[in-house]
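As structure tokens, the structure follows; a few thoughts come after it.
In each ligand, atom 1 is the first atom listed, and ligand 1 is the first ligand listed. Note that the coordinates shown come from a computational prediction; the quantities given were computed from them, not determined experimentally.
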Amino acid sequence: MDSALQIDGLSLSISGHMILDSISFSLGKGSFAALCGLNGAGKSQLLRCMKGLRKIESGRILLNGREADGKERMRRIALVFQDAALQVVGQTVEKDIAFGPANMGLQEDEVRERTRKAIDLMGLNGKERRRPQSLSGGELRKCAIAGILAMEPEVILLDEPFANLDYPSTLSVIQALLRLHSEGYTIITVTHEAERFLAHTDTLLIMEGGRMVVQGRSRDVYRTLPDHGIYLPADTAFEDLTWLRQ
Ligand SMILES: Nc1ncnc2c1ncn2[C@@H]1O[C@H](COP(=O)(O)OP(=O)(O)OP(=O)(O)O)[C@@H](O)[C@H]1O
Ligand SMILES: [Mg+2]
């Protein structure tokens, strides 16, 4: 079966510096992947390249087995930035979420339906008329995720969605992502909180110095995290790497 997302020898240099060095990996449809790596490893740049925000020098990106150019990836791949405030621009939560699908030229009914569904999926019911500026960090992030969901992307990339969130907000964003996972979305989440999040994922990707150094089933490869400078509580069973008991 074709991969939902396949990256083949992707390289990127900025001002003569190699930022991404021949990155290759692939994810099956419905994969829930964590992308880990130290500061400066190239995680955010890789997401930007995949989304189509950065022109790549060499390499190919395939969606469902077919090469997708930057313009097509802009439409089919969603990226949630670390700073959700940059992404949420509408006057109210509801208007913000409706903005994307409306901009795609969809009929009003369809826009309303998608907005409703995204609000339900992210658990934002009752907050539809709130001004985004009045939302908490966790709510704002869920609003940003809802806004991209309403555009019905195939792949969702999230850059540090738990950054600056407290314990309950982190849990509620994890729960929201698990709901998306159960809906069949293919998801890559960049996180520095492997020990909180890993047991929920099926795939672990580790970057170091612009290269993809580990890719595998989270359960099989999580013990390699400390080899790449990433904290992992000693002697922890995979199942214990989570706060959220299901
Ligand atoms: N415009 C730029 N000019 C030069 N170097 C850049 C530019 N943008 C990014 N870089 C470099 O690319 C490398 C990868 O950056 P990137 O933001 O992808 O790291 P990251 O893995 O997301 O790190 P973090 O965990 O800190 O967010 C870094 O060394 C960074 O300094
Ligand atoms: Mg980053």
Side-chain angles (χ1 to χ4, degrees), residues 5-27 31-61 70 73-74 77-88 137-138 140-142 144-145 147-148 153 155-166 169-170 173-174 176-177 186-198 200-201 203-216 218 221-222 224-233 241:
L5 174 71
Q6 185 182 337
I7 311 295
D8 249 355
L10 190 161
S11 294
L12 171 78
S13 300
I14 302 179
S15 319
H17 294 280
M18 183 72 115
I19 305 288
L20 300 175
D21 184 359
S22 278
I23 302 248
S24 297
F25 68 95
S26 69
L27 293 177
S31 297
F32 192 29
L35 172 54
C36 298
L38 299 181
N39 293 143
K43 306 176 298 294
S44 296
Q45 292 300 332
L46 175 60
L47 298 193
R48 294 176 76 81
C49 287
M50 287 195 273
K51 166 75 179 160
L53 290 171
R54 252 195 195 289
K55 201 165 162 14
I56 55 180
E57 270 161 26
S58 59
R60 300 187 312 156
I61 300 178
R73 298 199 309 274
M74 283 297 270
I77 300 180
L79 172 57
V80 180
F81 294 104
Q82 178 176 336
D83 187 354
L86 293 176
Q87 211 149 4
V88 176
L140 193 64
R141 202 151 276 156
K142 286 195 268 186
I145 299 173
I148 59 129
V155 176
I156 302 179
L157 312 173
L158 300 110
D159 204 348
E160 302 192 32
F162 316 121
N164 302 320
L165 296 190
D166 62 16
S169 300
T170 300
V173 172
I174 291 178
L177 297 184
T186 304
I187 304 170
I188 303 181
T189 303
V190 169
T191 182
H192 286 292
E193 281 133 304
E195 80 281 10
R196 290 181 182 182
F197 183 58
L198 213 55
H200 301 297
T201 66
T203 305
L204 173 60
L205 303 165
I206 306 178
M207 287 183 73
E208 190 173 345
R211 292 186 307 120
M212 190 64 78
V213 289
V214 173
Q215 47 188 305
S218 306
V221 298
Y222 78 101
T224 64
L225 280 165
D227 302 342
H228 306 285
I230 298 164
Y231 172 75
L232 188 69
L241 288 174

Next on the checklist: Any N/O/S atom from S44 (main chain or side chain) under 2.8 Å of the Mg ion (ligand 2)?
Outcome noted: yes
Do the non-hydrogen side-chain atoms of [X] and [Y] ever get within less than 4.5 Å of each other?
X	Y	value
M18	R211	no
V80	L157	no
T189	L35	no
Q215	V221	no

Checklist entry - Does the protein put a heavy atom under 4.0 Å from atom 31 (O) of ligand 1? => result no
Item to check | T203 backbone acceptor or donor facing S218 side chain under 3.5 Å | outcome: yes
Checklist entry - Is there a donor-acceptor contact under 3.5 Å from the side chain of R60 to the main chain of D8? => result no
Item to check | Geometric N/O contact G42 with ligand 1, under 3.5 angstrom | outcome: yes
Which residue and heavy atom of the protein sit nearest [atom], plus the separation:
atom	answer
atom 3 (N) of ligand 1	I14 CG2, 3.2 Å
atom 10 (N) of ligand 1	I19 CD1, 3.9 Å
atom 25 (O) of ligand 1	K43 NZ, 2.7 Å
atom 17 (O) of ligand 1	S44 CB, 3.7 Å

Enumerate the atoms of ligand 1 whose separation from the nearest heavy atom of [X] is less than 4.0 angstrom.
X	answer
G40	13 (C), 14 (C), 19 (O), 20 (P), 21 (O), 23 (O), 24 (P), 26 (O), 28 (C), 29 (O)
H192	25 (O)
E160	25 (O), 27 (O)

Next on the checklist: Quick check on side-chain contact (heavy atoms from CB on, under 4.5 Å): which of L47, I188, T191 does D159 satisfy it with?
Outcome noted: L47
Next on the checklist: As a quick check of understanding, evaluate side-chain hydrogen bond (donor to acceptor under 3.5 Å, both in side chains) for D21 and S11, giving each step before the final call.
Outcome noted: CA-CA 5 Å; D21 184 359; S11 294; 4.7 Å; no
Checklist entry - Counting only heavy atoms, which portion of N39 has something under 4.0 Å from ligand 1: side chain, backbone, both, or neither? => result both
Item to check | Option set E208, Q82, R48, Q45, criterion heavy-atom distance to atom 18 (O) of ligand 1, minimum | outcome: Q45
